[in-house]
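Notes follow the structure.
The model shown is predicted, which means the values in this text are computed figures rather than measured ones. So that the names make sense, note that chain A is the first sequence line, chain B the second, and so on, each numbered from 1.
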Number of protein chains: 2
Amino acid sequence: MTDQQAFFDLLDIMENEKLVDAKRFFALMRSTFCIANLLYADVDVLAKGFAIHRLHHTFSASAARTYLDEGFLRIDPILQLTMGGIRPVDWATARELHPDSEPLFSAAVRLGLGVDGITLPLPTPTRRLAFLAIHADIPAEEWPAYRRNHLRDFQLLAYLFHASVLENDSRIELSQHGAKMLTHRETEVLGWTAAGKSYWEIGTILGISERTVRFFMTNARRKLNVVSNTQAVAQAVRRDLIPTF
Amino acid sequence: MTDQQAFFDLLDIMENEKLVDAKRFFALMRSTFCIANLLYADVDVLAKGFAIHRLHHTFSASAARTYLDEGFLRIDPILQLTMGGIRPVDWATARELHPDSEPLFSAAVRLGLGVDGITLPLPTPTRRLAFLAIHADIPAEEWPAYRRNHLRDFQLLAYLFHASVLENDSRIELSQHGAKMLTHRETEVLGWTAAGKSYWEIGTILGISERTVRFFMTNARRKLNVVSNTQAVAQAVRRDLIPTF
DNA sequence: GGCATAACTGTCGGTAGTGACAGGTTCCTA
DNA sequence: TAGGAACCTGTCACTACCGACAGTTATGCC
């Protein structure tokens, strides 16, 4: 099969080149596998709502805008299945499991996004959600055989691409994220918050005003780049920034 | 190729059966791919030393005991490369990158563990390290072509097996710890709270009402014997009850 | 058939957390 | 001596949380 050779060529590229541009990867994928469209996303679920950390796709600008603007991202049943999962998610399966979301799928069809496709969940170091969605340009009746034939190819190539993106990411993050250390008071206040104390109680304990406690917590949240006290405590405990008792 | 058909049969099993026993998976892998030995491990890198969470292998009992007793696990260069990585790790590459560990590789050869093989890192929900190590029973000169041909098969099947193990794990964990253990939903909701999500957002993500999210959080607080969501998250993170990613 | 457990939903009212506004002092270092 | 960093305080308006009330449905076990 010539298909085989094309796959191996692509594999060599993905394994040997440190940084593969998304556009190039998408172009290679499309030419190798008769893929109509691809979407790679890395969504930061730590941020308020869903902050898009990284997004590459080959859909039309208007289709993507509609998808994002309408907030479909929040209720997309494929995303729900992808979240925290490892197995590939078939769009058809998601459609069956979530009949409530039928309007979404209908809208997707109108936008030309197709209904036969697959989404591969990708692991992320932090609590983000990354995935590669693949929409092949083939007749519906050929889809099962196509999926079966190429799932392994997609799985491996998606992970190699993802690895490339993450490796590049961490280089950037290491250079900019530096000495955002918590002060003594911030640590102290965070510790009492982790112990379940309210602002008023902490203020009384430390002999400062409730307002000041809030001030320290606000600074801690900003430094940890989180939105809630709860989240700040989760991060602090994970990073061993506050004493465990 | 008959190889192809054997792979597809195995793929069908891994995709359709909820729980695939390690022994069965290993047997199928060995017969399908001429694999000499397999090792699947899930270790806790946070614990002092390495706490083994799960371990299946086809190596001889004496070889495995030597490997573990001698503490090779701690200095294994392959594990070092696997840690936090996504890309497959070739044993030969690890040997080149870590000349200091030559004694380990020599010992491995004596023990019959082989030097041509590959280790696939697998993502885990908590701060653990999981991987599948594969050692094929073929002449060294055929290894590069073999690796190239089957990497995609290994990658996909390893992930499906890993998914099966993880899904089964969570079920066991819930049932064995008795009344004080958090339910699946409580764990899930707690995890999203730790990620800074509001009740409304979590409800949207999980497809349930905001009220129900509150219900689960209330139960979680009661079981953890704490008064606030923040405190609950602190406890849960400390006890590794919720995914960290 | 009872009983327990898990998953699920609704409303009310009080309290706690959060952002944005606008200040202050002390101490150390360039 | 100017600037920065840590520490400290106040008010207003809004949102989120949390306890207590009172349910429903499904499943599995004795």
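Sorted by first and then second residue, the pairs that involve residues 205-214 of chain B and meet side chain to side chain donor-acceptor pair (under 3.5 Å), not counting sequence neighbours, are Ser209(B)-Thr212(B). Identified under the ring-ring contact (aromatic ring centres under 6.0 Å, His included) test for residues 8-27 of chain B, with sequence neighbours left out: Phe25(B)-Phe161(B).
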In B/S/- notation, 5' to 3', how is nucleotides 4-13 of chain D contacted by protein heavy atoms closer than 4.0 Å?
--SBBBBB--

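As judged by a 4.0 angstrom heavy-atom cut-off over every strand, Ser228(B) is placed among residues touching the sugar-phosphate backbone only.
Under the side chain to side chain contact (heavy atoms under 4.5 Å, CB included) criterion, Glu17(B) pairs with Ile13(B), Val20(B), Arg24(B), sequence neighbours left out. Taking Arg148(A) as the reference, Asp12(B) meet the salt bridge (charged side-chain N to carboxylate O under 4.0 Å, His left out) condition, with sequence neighbours excluded.
Look at CZ on Arg222(B): it is 12 Å from C1' on dA6(C), rounded to the nearest Å. Here the P atom of nucleotide dT15(C) and the CH2 atom of Trp200(A) are 13 Å apart, to the nearest Å. The separation between Leu182(B) atom CG and dT5(C) atom P is 15 Å, rounded to whole Å. We find that CZ of Arg221(A) is positioned 13 Å from C1' of dT15(D), with the value rounded to whole Å.
The main-chain N or O of Ala41(B) is never found under 3.5 Å from a side-chain atom of His56(B) such that the two would form a donor-acceptor pair.
Between Leu224(A) and Leu190(A), the closest side-chain pair of non-hydrogen atoms falls below 4.5 Å.
Contact between the side-chain N/O atoms of Tyr199(B) and the OP1/OP2 oxygens of dT15(D) is not found at any separation under 4.0 Å.
Helix bend of the helix from dG1(C)-dC30(D) to dA30(C)-dT1(D): the angle between its two end axes, each built from five pairs, comes to 50° after rounding to 10°.
Atom CG of residue Leu39(A) and atom OG1 of residue Thr58(A) lie 7.5 Å apart, to the nearest 0.5 angstrom.
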